[in-house]
Number of protein chains: 2
Amino acid sequence: MSTAASARALEHPTRDQIGLEGVLHALSDTVRLRIVRDLAREGDALSCSYFDLPVTKSTTTHHFRVLRESGVIRQTYQGTAKLNALRKDDLDALFPGLLDTVLTAAEAQAERRDGAEGA
Amino acid sequence: MSTAASARALEHPTRDQIGLEGVLHALSDTVRLRIVRDLAREGDALSCSYFDLPVTKSTTTHHFRVLRESGVIRQTYQGTAKLNALRKDDLDALFPGLLDTVLTAAEAQAERRDGAEGA
DNA sequence: GCCGTACTACGATGAGTATCGTACGAGCAT
DNA sequence: ATGCTCGTACGATACTCATCGTAGTACGGC
């Protein structure tokens, strides 16, 4: 019981440790922006394996860590799975409207890039 | 008359070449965010030398280029000076509310970091 | 106990970038 | 023309980061 604590606690920044630059940087990557969009769409915590990302698992782990350390998501263990949830309350408190605006912008851009098909 | 054209034209992305990730990345740097805040506060085009940044001139040039190439600012020559203006119209058209929200968030964070003094 | 699944840790690598110093070019004033 | 100021270009450097592969740990089921 020394190598790894039973709870496998993960480091998260407290609310007042979250910085705007860090959040913007976290969101400025295509893969991470996609993760955040999926998280927002589902509205609930999702396991890492839910996502079908165009990168390997190692890289996926890396991106989730960047999101966690910048304060965008909160990660908790649930058995062998790890659940990822948006820290919407914290972000909204610190930067009102930022998350929603970025998500809306991402959707708008996705539609533009898709050529406004589908619907 | 071959080394540099008389107009010294600068490369700018067209509106539909502006990407959200690029804009967020441009704004995720402390120095650049400060430039954008100053630009927004003054509301008009400012010369590079207006800014008192904690970096050398070379680095300043670099940051202005990142902002220009990501589509955040538009640069035009005016004699020996170079004027920098926010591309607020383009950004608002592409990502409604994004710029204002980020600026508001930056102000809020600056006040928190200053310890809510002054006023 | 044993194995599979889920995720992590570590090391490597190649690309990007923030920074600087120095040297140069463009325009303005005298 | 000479010199001054503003900004650029180029080269160097050190750091960050996105990516991968491999090996390992934690948990749950058989």
Side-chain angles (χ1 to χ4, degrees), chain A residues 1-12 19 21-36 39 45-70 72-85, chain B residues 1-12 19 21-36 39 45-70 72-85:
Chain A
M1 63 182 73
S2 60
T3 31
S6 48
R8 275 197 295 173
L10 292 164
E11 293 267 322
H12 288 83
E21 292 90 340
V23 170
L24 292 178
H25 179 242
L27 297 176
S28 72
D29 181 275
T30 309
V31 174
R32 291 194 291 263
L33 190 52
R34 177 162 159 186
I35 292 174
V36 171
L39 240 27
L46 299 174
S47 77
C48 293
S49 50
Y50 170 89
F51 301 88
D52 185 32
L53 301 172
V55 291
T56 64
K57 270 200 296 186
S58 319
T59 309
T60 301
T61 299
H62 161 70
H63 285 307
F64 274 109
R65 171 160 33 184
V66 172
L67 286 171
R68 169 168 50 88
E69 292 181 346
S70 67
V72 176
I73 66 171
R74 189 176 296 279
Q75 296 188 294
T76 49
Y77 279 106
Q78 177 105 359
T80 147
K82 186 152 82 171
L83 293 184
N84 305 279
Chain B
M1 63 189 75
S2 59
T3 31
S6 48
R8 277 195 295 172
L10 292 164
E11 294 267 321
H12 288 84
E21 292 90 340
V23 171
L24 292 178
H25 179 243
L27 297 176
S28 72
D29 180 276
T30 309
V31 175
R32 289 193 292 263
L33 189 53
R34 176 162 159 186
I35 292 173
V36 172
L39 240 26
L46 297 174
S47 76
C48 294
S49 51
Y50 171 88
F51 301 89
D52 187 31
L53 301 172
V55 292
T56 65
K57 269 198 302 184
S58 320
T59 310
T60 302
T61 299
H62 161 69
H63 284 306
F64 274 109
R65 172 160 33 183
V66 173
L67 286 171
R68 169 168 50 88
E69 291 180 347
S70 68
V72 176
I73 66 171
R74 189 177 295 281
Q75 296 189 295
T76 50
Y77 279 106
Q78 176 105 1
T80 149
K82 186 154 81 169
L83 294 184
N84 304 279

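Keep in mind it's a predicted model, so treat the numbers as computed, not measured.
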Item to check | Chi angles and distances behind the side chain to side chain contact (heavy atoms under 4.5 Å, CB included) call for Phe51(B), Leu39(B) | outcome: CA-CA 10 Å; Phe51(B) 301 89; Leu39(B) 240 26; 3.7 Å; yes

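- Contact detail for Leu27(A) and Leu24(B): the closest heavy-atom pair is O-CD1, 3.5 Å.
- Identified under the side chain to side chain donor-acceptor pair (under 3.5 Å) test for residues 24-35 of chain B, with sequence neighbours left out: Arg32(B)-His63(B).
- The separation between Asp29(B) atom CG and dT16(D) atom C1' is 12 Å, rounded to whole Å.
- Checking Ser58(B) against Thr61(B) by side-chain atom types alone, no donor-acceptor pair falls below 3.5 Å.
- For DNA chain D, the residues of residues 57-65 of chain A within the heavy-atom distance limit of 4.0 Å (strictly under) are Ser58(A), Thr59(A), His62(A), His63(A), sorted by number.
- What you find for His12(A) and Gln75(A) is that their closest heavy atoms are NE2-N, 2.8 Å.
- Both Arg32(A) and Gln78(A) sit near DNA chain D, but only Arg32(A) has its closest nucleotide nearer the 5' end.
- Of all the heavy atoms in Ala26(B) and Val72(B), the pair that sits closest is CB-CG2, 4.2 Å.
- Following rounding to the nearest Å, Gln75(B) (CD) and dA26(C) (C1') show an atom-to-atom distance of 16 Å.
- Shown here for Ser70(A) and Val23(A), the closest heavy-atom pair between the two residues is O-CG2, 3.7 Å.
- Within residues 47-56 of chain B, the residues approaching DNA chain C are Val55(B), Thr56(B), by heavy-atom distance under 4.0 Å.
- Listed nucleotides: dA6(C), dT17(C), dT19(C). Nearest to the side chain of Thr80(A): dA6(C).
- Among Asn84(A), Leu46(A), Leu53(A), the single residue meeting the side-chain contact (heavy atoms from CB on, under 4.5 Å) criterion with Ile35(A) is Leu53(A).
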